[in-house]
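Quick note on labels: first sequence line is chain A, next is B, and so on, each numbered from 1. When reading the values below, keep in mind they use all heavy atoms of this one structure, side chains included, and skip hydrogens, waters and symmetry mates.
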Amino acid sequence: MRPGVQRVMKTRSISRENLAALVADLVKGGTDVVAPARASDGKVDYRRVAKFDEITMNGGMPRRSLKEFFLPPTEALFSWKQKQADITLEPVPTTFGPAVVLGARPCDTAGVVVLDKVMGWDFRDELWFGRREATTIVSLACSGVDDSCFCRVVGLSPETEKGADLVLYPADGGFLAQPVTEKGEALISAHSARFVDAPAGDPGKATAGKEKKATAAAAAPATPGGAKSETVLPAGAKAGTAIPAGATAAPASVGTGGIGGPVDLGSVHDWLADHFEHPLWEAIAFRCHGCGACASVCPTCHCFDIVDEPEGVTEGTRRRNWDTCQEGRFTLHASGHNPRAQQNARFRQRVMHKFYIYPEKFGETLCTGCGRCVRDCPGGMDLPEIVAKIAALATKDSVRS
Amino acid sequence: MNLYQPHLVKIDSIIEETHDTRTLKLRFLDPEVAAKFDFRAGQFGEYSVFGAGECTFCIASSPTRKGTIECTFKSVGKATNAMRGLNEGDTMGFRGPYGNSFPLDRMEKASMVFIAGGIGLAPVRCVIWNTLDLRDQFKDVTIVYGARSVADLVYKRELTEWEARKDVKLWQTVDPGGETPEWKHEIGFVPAIVEKAAPKADNAYAVVCGPPIMIKYTLPVLEKLGFPPERIYTTLENRMKCGCGKCGRCNIGPVYVCKDGPVFTAAEMAKLPGEY
Ligand SMILES: Cc1cc2nc3c(=O)[nH]c(=O)nc-3n(C[C@H](O)[C@H](O)[C@H](O)COP(=O)(O)OP(=O)(O)OC[C@H]3O[C@@H](n4cnc5c(N)ncnc54)[C@H](O)[C@@H]3O)c2cc1C
Ligand code: SF4
Ligand code: SF4
Ligand code: FES
């Protein structure tokens, strides 16, 4: 989808009551609604909800990312049954019932499109795309940014629309709703009674002129470097992130993970390409326990294992399970040889994959700055700090040469 | 059905190569799949025993021989041990082919030098038969093959066949101490025998597969003989799961062995970080 095409879509607004009614309509109509909701321990997770009340809109970072909705931690690939020498395979479905993700974090929706690339190059992962096609993603511009969030460091922002079909922005009494894709528009059309045309600037009192301004401002980022409305795009917001008039953007200082602002990801990429060997890799991994918690909470980590789970002797299921490059057995050859025998080599792989290898292969940074790996690391590894360190090394090198 | 669900294959025949290595000839159960199946020399597949899991082997037979595929494997772990327990007529899984291949069309009219150690002959055997089945398209064919001992040589019947052919120069060797009283061929490590065989580098390509140590000492010999690194090919084996660029397991720097490999030139390898 070309950004320029997406952007002509009209901004709407929806009240809280109508959003609650929309959730009820969807659930009644057989659509799965997945949203951040509080678990019994008080923590927020993405989960299937039955009604709007369960959803915590902008209520803190879900513990695990949205990825698990498209790439579950464990899933069956097929099952087998054996009768003497004859084996029959039972496929799993690759089409899925309709689903709406509601109130997703922008860093999580961005992660989903980033992963479309690896899931679709050459061989197409039907399980991933089956779920993708059946799902409409409604994100919520983020107002719950904390100290670990660093979306701005990786070129995104709390308002990024990347990966969303429809973006909601908090507004008085409800939300502004900006469709970004045909799917987002289709969701609105199918429930048009719940939405009203956006009152630009103020959800209550719209004027045609103001509305036009909202659309124009929104269209600007389609041409990076083109006219951007200063009032709409906060400093540091990336082209491609445009918010409709009437919505407020987070201040430029938030979402920088304590390092103050964006880094030049291009120079980080180039430095990594040239520095597979560097004292940095010796030094930084001592804190890392190799537990892989960072990978499991990450919206973009996608490594998996394929294993058989027999049930008795004659049948069983082959499954795909999440895996992590931080674990020693990940690359262990049957011979005992291990290309990444040390933890620092494994942590280097994590950084390389996110900021050099994936950008090199797929043109996307494999990190959306959600900060989960910072929050959840038992060893206190701080990815934005490491990226800033690399950016500084890159600057030093370029000054020297 | 998704891309991780394998095709069913039946074991047509089993050849006992050594005490721990076997060759299986596999036939697709679905005639439609069998008719459509095609691959290029150097590609690999994911073979599986239901209940024990998948493992990665090259396709050891030549794409010129249709109808069946062959794999040669060493029993080293869970899946390969389970595979060793299978009999003729048993059913397995296969998905593939995956990965790149040897650019045989580029090698047309050239001389071919095949160098292999131990079970490293499996991927090379595929190219050897591919070359021999199109023999008039190539110039000289030289094969240097070595194993630790006589008992460790694989494809013994084929070695006899190649030895008898006038259009193939075969050098067989075993490591010092690995010979038997009947052994009539070379004794010595593969790099030394390559030096002795001294294949001409003019308009020639070398394909080298074997243990890392063998490759390490063979490359300088080839370079001394005048082979530029662009004309030396090898295959890499990093642990794999998906085989098709998804699971994130096999990369060496920005190179995914399962997609960008497993076939690399020595020139390409020289640019890779040492993570293999
Ligand atoms: C491109 C390519 C081509 C190849 N071609 C050939 C060939 O032609 N012939 C050949 O013999 N070999 C070949 N190999 C090597 C072959 O793939 C391995 O020997 C084989 O996969 C071993 O499988 P296994 O299940 O028997 O061993 P594993 O069981 O995997 O082996 C070793 C040990 O690893 C551990 N382990 C296994 N799985 C896990 C897990 N999920 N988590 C943690 N630990 C685990 C276990 O402790 C196990 O005992 C090739 C490899 C590649 C990449
Ligand atoms: S970086 Fe932290 S979370 Fe990740 S493996 Fe190391 S210790 Fe675990
Ligand atoms: S690497 Fe860390 S900050 Fe980046 S997306 Fe993954 S969990 Fe979030
Ligand atoms: S084997 Fe899965 S990415 Fe290469």
> Using heavy-atom distances under 4.5 Å, tell me whether B:Phe50 contacts chain A through its side chain, its backbone, both, or neither.
both
> Tell me whether A:Asp122 is salt-bridged to B:Lys259, with the criterion being a basic N under 4.0 Å from an acidic carboxylate O.
yes
> I'd like to know if the side chain of B:Thr265 reaches the main chain of B:Glu230, judged simply by a donor and an acceptor atom lying under 3.5 Å from each other, with no hydrogens or angles considered.
no
> Indicate the atoms forming the closest heavy-atom contact of A:Thr94 with B:Met1, along with that distance.
CG2-O, 4.2 Å
> If we define contacts as heavy-atom pairs under 4.5 Å, which of B:Asn87, B:Asn251, B:Thr80, B:Val76 has the most with chain A?
B:Asn251
> Counting heavy-atom pairs closer than 4.5 Å to chain A, which one of B:Ser48, B:Gly51, B:Gly248 comes out on top?
B:Gly51
> Identify the two heavy atoms, one from A:Gly111 and one from A:Thr300, that lie closest to each other, and give their separation to 0.1 Å.
CA-CG2, 3.8 Å
> Taking every non-hydrogen pair under 4.5 Å, which of B:Glu54, B:Glu237, B:Lys10, B:Lys246 racks up the most with chain A?
B:Lys246
> Which bit of B:Cys242 is near chain A, if near means a heavy-atom gap under 4.5 Å: side chain, backbone, both or neither?
both
> Can you tell me which of A:Phe276, A:Tyr358, A:Trp121, A:Trp128 forms the most heavy-atom pairs within a distance under 4.5 Å of chain B?
A:Trp121
> In terms of heavy-atom pairs under 4.5 Å with chain A, which of B:Leu29, B:Asn238, B:Asp90 leads?
B:Asn238
> Using only heavy-atom distances, determine whether the side chains of B:Thr56 and B:Tyr98 contain a donor-acceptor pair under 3.5 Å.
no
> Flag the one option from A:Val307, A:Ile87, A:Val92, A:Leu127 with the top tally of heavy-atom pairs under 4.5 Å to chain B.
A:Ile87
> Which members of residues 332-354 of chain A, sorted by number, sit under 4.5 angstrom from chain B on a heavy-atom basis?
A:Leu332, A:His333, A:Ala334, A:His337, A:Pro339, A:Arg340, A:Ala345, A:Arg348, A:Gln349, A:His353
> Report which part of B:Pro212 has an atom under 4.5 Å of a heavy atom belonging to chain A: side chain, backbone, both, or neither.
neither
> Is B:Ala79 close to chain A through its backbone or its side chain, or both, or neither, when contacts mean heavy atoms under 4.5 Å?
neither
> Looking at B:Gly77, B:Gly93, B:Gly89, B:Gly253, which has the largest count of heavy-atom pairs under 4.5 Å with chain A?
B:Gly253
> If you measure from the Lys or Arg side-chain nitrogens to the Asp or Glu carboxylate oxygens, is any gap between A:Asp308 and B:Lys78 under 4.0 Å?
no
> Please name all residues satisfying side-chain hydrogen bond (donor to acceptor under 3.5 Å, both in side chains) with B:Lys241, sequence neighbours left out, ordered by chain then number.
A:Asp305
> What option among A:His302, A:Arg318, A:Glu90 has the most heavy-atom pairs under 4.5 Å with chain B?
A:Arg318
> Could you check whether B:Arg40 pairs with B:Asp105 (Lys NZ or Arg NE/NH1/NH2 to Asp/Glu carboxylate O, under 4.0 Å)?
no
> Name the residue from A:Phe304, A:Phe123, A:Phe78 that meets the ring pair (Phe, Tyr, Trp, His ring centres under 6.0 Å) definition with B:Tyr4.
A:Phe304
> If the condition is side-chain hydrogen bond (donor to acceptor under 3.5 Å, both in side chains), which residues does A:His269 pass it with, not counting sequence neighbours?
A:Glu360
> In terms of heavy-atom pairs under 4.5 Å with chain B, which of A:Thr314, A:Val118, A:Thr331, A:Leu89 leads?
A:Leu89
> Taking salt bridge (charged side-chain N to carboxylate O under 4.0 Å, His left out) as the definition, give me every residue that meets it alongside A:Arg131, ordered by chain and number, with sequence neighbours left out.
A:Glu75
> For the residue pair B:Phe28 and B:Phe94, categorise the inter-ring angle as parallel (less than 30°), tilted (30 to 60°) or perpendicular (more than 60°).
perpendicular
> Is it the side chain or the backbone of B:Lys74 that comes within 4.5 Å of chain A heavy atoms, both, or neither?
neither
> With a 4.5 angstrom heavy-atom cut-off, which part of B:Leu3 approaches chain A: side chain, backbone, both or neither?
both
> Any donor-acceptor pair under 3.5 Å linking the side chain of B:Glu88 with the backbone of B:Ser13?
no
> Less than 4.5 Å to any heavy atom of chain B: does that hold for the side chain of A:Arg319, its backbone, both, or neither?
neither
> Kindly give the heavy-atom pair with the smallest separation between A:Cys298 and A:Ser65, and that separation in Å.
O-OG, 3.6 Å
> Using a cut-off of under 4.5 Å for heavy-atom pairs, which of A:Arg124, A:Glu315, A:Glu309 has the most such pairs with chain B?
A:Arg124
